[in-house]
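In what follows, a single structure is set out as structure tokens and then discussed.
Just so it is clear: chains get the letters A, B, ... in the order the sequence lines come, proteins before strands, and each one is counted from 1.
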Protein chains: 4
Amino acid sequence: MHWAVDPQAGEPIYRQLMGQIKRGIATGALAAGAKLPSVRDLAKLLVINPNTIVKIYTELEREGLLLTRRGLGTFVAGASTRLSRAERERLVSQRLDGAIVEAVNLGLTAADLHRLLAARCARFDCEREKNVG
Amino acid sequence: MHWAVDPQAGEPIYRQLMGQIKRGIATGALAAGAKLPSVRDLAKLLVINPNTIVKIYTELEREGLLLTRRGLGTFVAGASTRLSRAERERLVSQRLDGAIVEAVNLGLTAADLHRLLAARCARFDCEREKNVG
Amino acid sequence: MHWAVDPQAGEPIYRQLMGQIKRGIATGALAAGAKLPSVRDLAKLLVINPNTIVKIYTELEREGLLLTRRGLGTFVAGASTRLSRAERERLVSQRLDGAIVEAVNLGLTAADLHRLLAARCARFDCEREKNVG
Amino acid sequence: MHWAVDPQAGEPIYRQLMGQIKRGIATGALAAGAKLPSVRDLAKLLVINPNTIVKIYTELEREGLLLTRRGLGTFVAGASTRLSRAERERLVSQRLDGAIVEAVNLGLTAADLHRLLAARCARFDCEREKNVG
DNA sequence: GTGGTCTAGACCACA
DNA sequence: GTGGTCTAGACCACC
């Protein structure tokens with residue numbers, strides 16, 4: 001896993017890093033059960049404050065993506081600790097709504113959206129295979 | 001023009017709305033010379049603070065996209081720069097990528113995503129008709 | 001609403017205060033839509049660090065009990081923003097499990113538990129009526 | 001004696017287990033002179049660090065509740081102080097109160113609570129039989 | 001005025 | 001060693 005944040009970017013550091021971890025888990029770069037760097041190590045590596053890492057790990061644990069065991073460290077959670085089906089679909093739908101509004105405002109149709117979605121899904125599978133293979 | 005902001009979204013209200021106006025101009029939904037809603041009308045419609053609208057109009061006027069004529073209202077300035085098709089698809093694809101990462105993390109498949117997308121598009125059309133009709 | 005925390009207690013300050021707010025909402029002392037004290041005001045009142053209040057409000061917003069609107073303040077959320085039925089039952093069941101384990105270890109039976117539960121529910125309704133009435 | 005700890009609970013593991021032993025002694029489930037599991041057996045059973053067990057046994061010995069005899073194991077010391085019925089019901093009621101507050105906040109009724117309690121009690125009995133049988 | 005983010009550094013509890 | 005909590009104080013963005 002390659003760690004990097006840009007403190008100068010408009011997006012807050014903690015949000016950049018959360019996205020990075022989420023993508024890592026989604027693509028398989030961070031497998032279930034894998035141990036994440038300790039709070040202090042990651043803070044030192046990225047030259048940011050440890051509390052910022054604490055915030056990120058805490059937030060991702062609340063979302064069910066990470067598990068933390070005191071004195072041991074923080075780990076990638078398995079799929080077992082996840083939310084209900086309806087809850088998960090609601091979260092994804094929220095994201096899709098953002099894409100739909102964007103598309104409508106830019107003059108794209110529902111058909112365009114489905115085409116783009118298929119294209120991005122395909123590309124996403126490619127990244128995943130690299131990590132698995 | 002379809003106006004919508006989400007006060008709960010991470011993106012600040014004023015930025016959501018500025019983006020919407022810029023995109024409206026980019027796609028032609030807001031033609032050169034078109035009149036924008038008055039500050040108080042738009043504030044009432046979106047249930048947000050009128051000062052927020054004032055800030056947006058002022059900022060866009062500073063950027064040269066809008067023109068304010070005392071006592072008449074705010075209008076789209078001439079010579080709007082339309083985005084290319086590829087550019088617009090790139091913006092929408094970014095949003096879709098966010099939805100895909102979320103979906104993979106939550107154990108949903110590409111098929112699930114297409115199903116949810118279709119459902120949300122349908123619902124979005126319904127809401128739109130209510131506003132138009 | 002009466003605010004009080006004990007920095008000397010074993011339970012962390014933020015957890016004490018979270019419980020207090022939850023009980024306030026549950027009993028009706030904090031009605032839906034009510035505005036909570038600002039981060040700075042509450043911190044000054046309780047003589048604790050503002051960041052501790054921020055942590056509490058953030059956590060309760062994640063749980064869907066509070067809503068925060070930037071520049072306006074933090075408010076008690078309505079019942080509409082709540083979780084799915086299954087999700088809510090899961091959260092409550094976790095608490096009940098704790099009570100069951102405690103009961104078994106102390107030699108109480110399932111019948112005892114139901115009797116105690118009925119008694120505590122009754123007492124809880126009384127508190128609620130005081131706030132409503 | 002039914003042994004169980006939850007590494008994800010807010011309460012630290014060592015405190016959960018210490019409470020369990022104290023309650024076992026209080027109710028008589030662990031009679032005076034009874035032998036406790038060996039450090040490594042209990043650690044393996046609960047999938048926790050053996051050092052944690054050592055810490056608990058040492059602390060309880062310091063409190064005079066346990067006695068360690070080299071090469072033989074750890075035993076319950078004499079003259080255990082049993083809690084009164086009222087005292088035990090009070091401890092369980094505290095746990096139930098937590099469940100009630102959570103339930104009210106999540107919009108569940110007293111009837112829901114009783115239903116969930118019955119369901120969890122039933123499930124708990126099943127697990128118990130598996131361990132006994 | 002409001003909350004959001006981040007830093008620096010302390011002390012504690014846990015495994 | 002690990003994470004958890006809290007303080008003090010900074011600067012920013014938002015309404």
Show the atom names and distances, to 0.1 Å, of all donor-acceptor pairs under 3.5 Å that link a side chain in residues 3-19 of chain C to residues at least two apart or in another chain.
from    : atom 1 : to      : atom 2 : distance (Å)
C/Asp6  : OD1    : C/Gln8  : N      : 2.9
C/Gln16 : OE1    : C/Asp6  : N      : 2.9
C/Gln16 : NE2    : C/Asp6  : O      : 3.0
C/Gln16 : NE2    : C/Glu11 : O      : 2.9

Please state how far atom [atom1] in [X] lies from atom [atom2] in [N], giving the value in whole angstrom units.
X	N	atom1	atom2	value
C/Gln16	F/dC6	CD	C1'	13 Å
C/Leu36	E/dG3	CG	P	9 Å
A/Leu67	F/dG4	CG	P	12 Å
C/Leu42	E/dT2	CG	P	12 Å
A/Ile56	F/dG4	CD1	C1'	16 Å
C/Ile53	E/dT5	CD1	C1'	17 Å
C/Glu61	E/dG4	CD	C1'	11 Å
A/Phe75	F/dG3	CZ	P	9 Å

Without hydrogens or angle criteria, can the side chains of B/Thr68 and B/Glu61 be said to hold a donor-acceptor pair below 3.5 Å?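 The criterion, which ignores hydrogens and geometry beyond distance, is satisfied for B/Glu61 and B/Thr68.
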
Show your working on side chain to side chain contact (heavy atoms under 4.5 Å, CB included) between C/Ile21 and C/Leu65 and close with a plain yes or no. CA-CA 9 Å; C/Ile21 295 175; C/Leu65 290 175; over 6 Å; no

Residue pairs fulfilling salt bridge (Lys or Arg N to Asp or Glu O under 4.0 Å) with at least one residue in residues 30-45 of chain A, sequence neighbours excluded: none

With the sugar-phosphate defined as primed atoms, P, OP1 and OP2, and the base as all remaining atoms, what B/S/- string results for nucleotides 10-15 of chain E, 5' to 3', for protein heavy atoms under 4.0 Å? ----BS

For C/Ile25, does its backbone N or O pair with a side-chain atom of D/Asn105 as donor and acceptor, under 3.5 Å?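 Side chain of D/Asn105 to backbone of C/Ile25: no pair is present.
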
Would you give me the side-chain donor-acceptor pairs under 3.5 Å for residues 92-102 of chain A, sequence neighbours excluded?
from     : atom 1 : to       : atom 2 : distance (Å)
A/Ser93  : OG     : A/Glu89  : O      : 2.8
A/Asp97  : OD1    : B/Arg120 : NE     : 2.9
A/Asp97  : OD2    : B/Arg120 : NE     : 3.4
A/Asp97  : OD2    : B/Arg120 : NH2    : 2.7
A/Glu102 : OE1    : B/Arg23  : NE     : 3.1
A/Glu102 : OE1    : B/Arg23  : NH1    : 3.4
A/Glu102 : OE1    : B/Arg23  : NH2    : 3.2
A/Glu102 : OE1    : B/Arg95  : NH2    : 3.4

Cut-off 3.5 Å, no hydrogens considered: what does the side-chain donor-acceptor table look like for residues 46-59 of chain B, sequence neighbours left out?
from    : atom 1 : to      : atom 2 : distance (Å)
B/Asn49 : OD1    : B/Asn51 : N      : 2.8
B/Thr52 : OG1    : B/Asn49 : O      : 3.3
B/Tyr57 : OH     : B/Pro37 : O      : 2.8
B/Thr58 : OG1    : B/Val54 : O      : 2.6
B/Glu59 : OE1    : B/Arg62 : NE     : 3.4
B/Glu59 : OE2    : B/Arg62 : NH2    : 3.1

Sugar-phosphate only, base, or nothing, as touched by C/Thr74 at under 4.0 Å among non-hydrogen atoms: sugar-phosphate

All salt bridge (Lys or Arg N to Asp or Glu O under 4.0 Å) counterparts of D/Arg90, not counting sequence neighbours: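 So D/Arg90 forms a salt bridge (Lys or Arg N to Asp or Glu O under 4.0 Å) with D/Glu87.
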
Pair A/Leu36, A/Leu42 - check side chain to side chain contact (heavy atoms under 4.5 Å, CB included), show working. CA-CA 9 Å; A/Leu36 287 154; A/Leu42 192 49; over 6 Å; no

Dot-bracket summary - DNA chain E, pairs being Watson-Crick or G-U whose distances fall under 3.5 Å, with | when paired to another strand: ||||||||||||||.

